[in-house]
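Let me begin by presenting the structure, written as C-alpha cells, before commenting on it.
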Amino acid sequence: MRAAVLALQGAFLEHEKILESLGVPCFELRKKSDLEKDFDALILPGGESTVQGKLLHELEMFEPLKQIIESGAKVLATCAGLILLAEKIENDSRVHFGTMPVCVKRNAYGRQLGSFFTEETFGNLGKIPMTFIRAPYIESAREDVEVLSKVDGKIVAAKFKNQTALSFHPELNNDARLYEWWIKS
Ligand code: GLN
C-alpha cells in the first residue's frame, strides 16, 4: 500500500506521521502533477471543506482526484474530507466529489459544542478516542452504506465500498487502531 495525503489545507501532517509509524509509505498531494505518482490509498484530511474544494478546482486536481476515487482507491476521509465525499450537504448547496451516498450536516454540533472529545465504539474495534472539531455528522445514509459508529444516535463513521469517512479526527489521538483496521479493510 502507498498512500497519498491531500495536503492543500488542514490537518494532513498528523496522518502522515501515523502512517509512517505503521510502516505505510506516503507522500503529499500538493499539485496536479503529484496525482501522476503511483498510489492506491488516499487520505482526505480535516480542515475547511469550502477552501479545500476551491483549491482543488483552482489547481485542476478536482476531476482527476474524483476519477481516482471512483476507480476504487482506498479512501480515508476525516471531517472536511467527509464533506467532500458526501453526495448531499444538508445545510449547503455545494456538492464536491459526491461519491458517497450520504447526506451530511456541516458544523452539526453548533457553536456551544463546536469541539469535543468522546470515546465510542467503532466497528468491531471497541471504544476508540474521537476528537470532534466543528464537525459534520451523517444525517442519513443509503442502505448500502455500512455504519461504523454513532455518537448520541448520529452517524459519525461509515464505509461505502472503497470509501471510509469519519466526522472526527483520528489523527489527533494517540491510538492507531483505526488506521490498522483501515489498512487491512
Ligand atoms: N467545519 C469544517 C467544514 O465545514 C470541517 C471541520 C473539520 O474538518 N474539522 O469543512
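Order of listing sets the numbers, starting from 1, for every ligand and every atom in it.
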Any side-chain heavy-atom pair of Ile128 and Arg177 under 4.5 Å: yes
Salt-bridge criterion met for Glu58 and Lys54 (N-O under 4.0 Å): yes
Ion pair check, Glu119 and Lys127, cut-off under 4.0 Å: no
Under 4.0 Å from ligand 1, counting heavy atoms only: the protein residues, by chain and number: Gly46, Gly47, Glu48, Ser49, Cys79, Ala80, Ile83, Arg106, Asn107, Ile133, Arg134, His169
Sequence neighbours excluded, every pair satisfying salt bridge (charged side-chain N to carboxylate O under 4.0 Å, His left out) that has a member inside residues 86-104: Asp92-Arg94, Asp92-Arg106
Pairing residues for His169 by the side chain to side chain donor-acceptor pair (under 3.5 Å) criterion, not counting sequence neighbours: Glu171
Contacts of type side chain to side chain donor-acceptor pair (under 3.5 Å), residue Lys31, not counting sequence neighbours: Asp34
